[in-house]
Amino acid sequence: MIKSKLKHIVREAARQAHAQGQLPSDAFPEVEIEEPKNEAHGDFSTNLAMIMAKVQKMPPRKIAEILQAHLQDAADWILKTDIAGPGFINFFIAPGAWGPVLEAIHAANDQYGASTMGQGHKVQVEFVSSNPTGPLHVGHGRGAAVGDSTARILAFSGYDVQREYYINDSGRQIRTLGLSVLLRYRALFGENVDFPDTCYQGDYITDMARAMKDKHGDGLLAQTEDDAVTTCARYAAGLIIEGIRQDLVDFGVSFDQWFSEQSLYDSGRVDACIAALREKQQVYEKDGALWFKSTDFGDEKDRVVVRNNGITTYFASDIAYHQEKFERGFDTVIDVWGADHHGYIPRMKAAVEASGTNPEQFQVILVQLVNLLRSGEPVAMSTRAGEFVTLQDVVKEVGRDAARFLFLTRHYDSTLDFDLEVAKQKSNDNPVYYVQYVHARIASICRKAAIDVTDDETLDAKALATLTTPEDVQLIKQLNRYPDIIAASARFREPHRVTFYLMTLAGAFHSYYNRQRVLTDDPMATKGRLYLVTAVQKVIRNGLALLGVSAPERM
RNA sequence: GCGCCUGUAGCUCAGUUGGAUAGAGCAACGGACUUCUAAUCCGUAGGCCGCAGGUUCGAAUCCUGCCAGGCGUACCA
């Protein structure tokens with residue numbers, strides 16, 4: 001807010017300088033206001049003079065001097081301006097001028113940081129979409145945290161967001177699942193079955209076999225293998241999906257829609273899609289298979305959509321699925337995938353483009369792997385061997401808040417070491433408590449305070465005016481950054497920016513807490529500081545909510 | 001071989017999309033609880049931003065080439 005005012009003031013200064021013939025060109029670039037890292041460089045700065053040097057054909061410092069003359073009396077809250085370095089203009093803001101930041105926070109309350117950036121554009125975020133062949137593991141948890149938080153941040157930033165889970169309930173893996181259950185089922189009746197290692201090994205398979213026995217008795221033994229596999233597959237997939245849904249609910253993640261791959265076949269959508277590809281001559285036959293010409297759209301080789309045995313590939317239904325998504329009117333479709341699927345991106349982009357959609361409307365967030373550790377030692381994980389720590393296990397052991405927060409303490413591009421022992425610790429090593437502690441501490445102050453300022457419609461100007469110490473100003477400046485952080489986080493689809501911001505804000509608060517007393521004998525000063533710390537509390541609560549993490553009143 | 005991601009303090013990672021003297025946490029060392037919660041704070045120390053070129057007023061950031069690690073490279077999903 002202060003930044004946008006400054007932006008306007010600088011632009012106005014440039015305009016005046018041009019009008020008075022001091023600047024030859026009126027081709028002004030967008031004014032950028034940034035915050036210098038070094039305090040000696042003021043509260044804000046602009047590099048406009050440097051950027052304009054080429055167009056104006058003048059040295060940057062000279063331009064800065066011209067601009068500075070027009071900035072002299074632009075606003076009474078600008079204490080002074082400096083020209084420094086190669087041509088930065090630095091602004092020093094009056095310590096008493098930061099009150100509007102707190103007013104904005106209290107007025108907006110849980111909407112502080114929200115924006116209309118998305119202008120109501122329809123965005124779909126599809127995430128997790130784990131195959132219903134087994135429970136979710138830690139890697140899925142990270143995808144869930146990233147996808148869910150991204151969706152929350154986009155919605156907060158004015159996008160019309162829909163969250164979707166794609167269920168791969170068709171194809172060979174599901175057959176394998178059914179077979180796995182059937183074989184265990186037969187074993188329950190004393191059959192000496194040979195259990196291939198291509199089948200799913202986990203105990204949950206045997207559990208489901210027992211359930212089949214309870215439900216059908218020995219009825220499946222009489223069926224053809226094909227029918228029995230189908231029965232088992234349907235039952236198992238349904239049960240697993242239900243488990244996944246419950247795990248995600250326990251993790252604080254919900255979806256607007258669960259989309260079945262099988263439904264694309266049942267409705268004839270996949271066949272229609274392939275027919276359309278033929279129509280547009282985007283496919284050709286070779287070696288008995290049908291190939292999609294993805295190389296026409298930048299992929300490195302063409303891809304099979306119908307195998308020579310007549311069965312469609314996963315890619316075929318995925319083309320149909322993404323066409324269907326865009327037909328639903330989404331301006332942007334975001335898929336959150338595990339990094340091991342990155343080779344799939346070019347062909348999917350190609351398919352989207354071939355369907356006549358601008359490929360930029362299709363975006364993939366590739367989430368890197370999670371290395372699960374316990375006290376620094378890797379925990380063995382192999383889905384096929386059935387040895388893995390499930391997301392449910394992790395949430396049970398370390399808690400939902402810690403798990404979600406830690407999944408978002410890295411850029412999704414970086415692999416993440418997730419140490420169960422560290423995640424459990426209620427100490428310095430665990431940033432989630434560091435942030436939550438701020439919320440609890442402030443709640444405690446409020447309980448102790450004689451007055452309640454949280455319902456104040458308008459803030460007492462006299463109380464605000466007491467907030468002039470360097471510690472006060474520093475903390476307010478930190479709060480002032482929040483909307484920009486959210487905007488960047490939404491623009492780049494990077495939830496970790498919020499996480500890092502919260503850790504920084506928490507640090508600033510703890511530091512403040514140790515230097516300044518909130519509740520004192522001075523009623524005005526106390527009131528002012530209550531305005532300040534409750535604003536911090538609101539921003540912490542607000543940011544944690546975007547991460548799907550709770551803000552406790554006591555710890 | 002080719003493609004994608006990563007390489008920043010002893011360790012784990014940020015770095016406002018090209019800005020000023022590269023930051024934080026942990027670990028190490030030294031301090032602060034008769035105080036609104038010590039799950040906290042203050043201080044010290046720690047750097048060839050993988051290497052080498054290039055682009056410009058200016059590069060951890062952009063381009064090229066190497067080196068190292070991870071992942072991928074199906075008529076699997």
Side-chain angles (χ1 to χ4, degrees), chain A residues 32 34-38 40-41 45 47 50-51 53-54 59-61 84-88 90 129 131 133 168 170-174 176 261 286-291 300-301 303-315 317-318 338-346 366 368-369 371 376 409-417 419 422 425-438 440-449 481 484-485 487-488 491-492 496-497 499-501 503-504 506-507 509-520 526 529-530 533 554-555:
Chain A
E32 297 295 339
E34 45 194 19
E35 292 183 55
K37 295 172 220 165
N38 189 334
H41 296 145
S45 70
N47 60 356
M50 286 138 73
I51 295 175
K54 215 169 278 174
R61 286 193 71 106
F88 288 101
N90 296 331
S129 299
N131 291 338
T133 53
N168 299 121
S170 167
R172 211 188 64 189
Q173 285 193 160
I174 293 295
T176 305
E261 180 189 11
K286 193 182 90 181
D287 304 332
L290 191 69
W291 298 70
E300 60 183 12
K301 56 176 287 198
R303 308 291 174 174
V304 170
V305 285
V306 183
R307 296 194 281 250
N308 63 10
N309 62 7
I311 296 174
T312 52
T313 60
Y314 173 84
F315 183 44
S317 53
D318 230 2
D340 52 341
H341 289 76
H342 73 257
Y344 201 72
I345 296 176
L366 271 188
Q368 289 291 334
L369 309 176
N371 299 313
T409 52
R410 300 268 182 286
H411 188 139
Y412 55 71
D413 255 357
S414 300
T415 54
L416 168 67
D417 290 338
D419 194 307
V422 173
Q425 257 168 42
K426 300 189 171 175
S427 74
N428 270 342
D429 290 335
N430 202 343
V432 61
Y433 299 115
Y434 185 78
V435 174
Q436 286 183 319
Y437 190 43
V438 171
R441 260 189 159 172
I442 295 170
S444 171
I445 294 173
C446 290
R447 282 193 296 271
K448 218 142 240 173
R481 293 189 183 114
D484 285 348
I485 298 291
R491 182 171 307 118
F492 302 116
H496 77 282
R497 288 169 184 264
T499 316
F500 277 93
Y501 169 81
M503 292 192 280
T504 307
F509 173 78
H510 286 311
S511 178
Y512 182 89
Y513 182 90
N514 277 274
R515 283 172 191 268
Q516 301 284 356
R517 221 187 136 72
V518 176
L519 306 178
T520 61
T526 298
R529 294 210 160 144
L530 281 171
V533 299
R554 292 170 203 272
M555 286 173 73

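Hydrogens, waters and symmetry mates are skipped; everything else that's a heavy atom, side chains included, is used.
Stacking here means ring centres nearer than 5.5 Å and ring planes tilted less than 30 degrees, and by that measure A:His510 does not stack onto B:A39. For the pair A:Phe88 and B:A20, the ring geometry qualifies as stacking, because the centroid separation is below 5.5 Å while the planes lie within an angle under 30°.
Of the candidates B:A20, B:G72, B:A14, the closest approach to any side-chain atom of A:Ser414 belongs to B:A14. Minimum atom distance to the side chain of A:Met555 is reached by B:A39, of the listed B:C36, B:A39, B:G72. Nearest to the side-chain atoms of A:Arg497 among the listed nucleotides B:U17, B:U37, B:A77 stands B:U17. If you check B:U40, B:C36, B:U21 against the side chain of A:Asn38, the one that comes closest is B:U21. Of all nucleotides listed (B:G3, B:A20, B:G19), B:A20 comes nearest to the side chain of A:His41. Of the candidate nucleotides B:C75, B:G19, B:C42, B:C42 has the atom lying nearest to any side-chain atom of A:Ser511. Checking B:C71, B:U6, B:C75 against every side-chain atom of A:Leu369, the shortest atom distance belongs to B:C71.
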Steps toward side-chain hydrogen bond (donor to acceptor under 3.5 Å, both in side chains) verdict (A:Thr133, A:Gln173): CA-CA 7 Å; A:Thr133 53; A:Gln173 285 193 160; 4.7 Å; no
Does the pair A:Arg303 and A:Tyr344 meet the rule for a side-chain hydrogen bond (donor to acceptor under 3.5 Å, both in side chains), with working shown? CA-CA 10 Å; A:Arg303 308 291 174 174; A:Tyr344 201 72; over 6 Å; no
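A distance-only check finds a donor-acceptor pair linking the side chain of A:Thr526 to the backbone of A:Thr520 [under 3.5 Å].
For the pair A:Arg441 and A:Tyr513, the cation-pi criterion (under 6.0 Å, within 45° of the ring axis) is fulfilled.
Among the protein residues, A:Phe315 comes within range of no part of the nucleic acid, since none of its heavy atoms lies under 4.0 Å from any strand. Heavy atoms of A:Asn131 sit under 4.0 angstrom from primed sugar atoms or phosphate atoms, though from no base atom. Here A:His411 lies in heavy-atom contact (under 4.0 Å) with sugar-phosphate atoms only.
Of all heavy-atom pairs spanning A:Pro36 and A:His41, the tightest one is CG-O, 3.4 Å. Minimum heavy-atom separation, A:Leu366 to A:Asp413: O-OD1, 4.1 Å. For the residue pair A:Thr409 and A:Pro431, the shortest heavy atom distance occurs at CG2-CG, 4.3 Å. Between A:Asn168 and A:Tyr314, the shortest heavy-atom distance links the atoms ND2-CE1, 3.1 Å. Scanning both residues, A:Gly87 and A:Pro60, for their nearest heavy atoms gives CA-CB, 4.4 Å.
With rounding to whole Å, A:Arg447 atom CZ is found 8 Å from B:U37 atom P. Rounded to whole Å, atom P of B:G25 lies 17 Å from atom CD of A:Gln425. Separating the CZ atom of A:Phe509 from the P atom of B:A24 is a distance of 20 Å, rounded to the nearest angstrom. The distance between atom NE2 of A:His342 and atom C1' of B:U6, rounded to the nearest whole Å, is 12 Å. Regarding A:Lys426, its NZ atom lies at a distance of 12 Å from the P atom of B:A39, rounded to whole Å. In this structure, A:Met503 atom CE and B:U40 atom P are separated by 14 Å, rounded to whole Å. Distance CG (A:Leu416) to P (B:G69): 22 Å, rounded to an integer number of Å. Separating the CG atom of A:Asn430 from the P atom of B:C13 is a distance of 16 Å, rounded to the nearest angstrom.
Contact annotation: A:Tyr433 does not reach the phosphate of B:A39 (side-chain N/O to OP1 or OP2, under 4.0 Å). Contact annotation: A:Tyr513 does not reach the phosphate of B:U35 (side-chain N/O to OP1 or OP2, under 4.0 Å). Here A:Lys286 does not reach the OP1 or OP2 of B:C75: none of its side-chain N or O atoms lies under 4.0 Å away. In terms of phosphate contacts, A:Arg441 brings no side-chain nitrogen or oxygen within less than 4.0 Å of OP1 or OP2 of B:U37. Taking side-chain N and O atoms only, A:His496 has a distance below 4.0 Å to OP1 or OP2 of B:G15. Listed pair A:Lys37 / B:A20 meets the phosphate criterion, a side-chain N or O lying under 4.0 Å from OP1 or OP2. Side-chain N/O atoms of A:Tyr434 include one lying less than 4.0 angstrom from OP1 or OP2 on B:C41.
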Secondary-structure notation, RNA chain B, from Watson-Crick and G-U pairs under 3.5 angstrom (| other strand): (((((((..((((.....[...)))).(((((.......))))).....(((((..]....))))))))))))....
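The base of B:G19 is paired with the side chain of A:Asn47 by a donor and an acceptor separated by under 3.5 Å. Checked by distance alone, A:Ser45 brings a side-chain donor or acceptor within 3.5 Å of a matching partner on the base of B:A20. For B:U12, its base never sits under 3.5 Å from the side chain of A:Asp417 at any donor and acceptor pair. Judged by atom type and distance alone, A:Asn90 reaches the base of B:A20 through a side-chain donor-acceptor pair under 3.5 Å.
By the rule that a glycosidic angle within 90° of 0 means syn, B:C33 counts as syn.
Comparing the C1' positions of B:G10 and B:G1 gives an interatomic distance of 37 Å, to the nearest angstrom.
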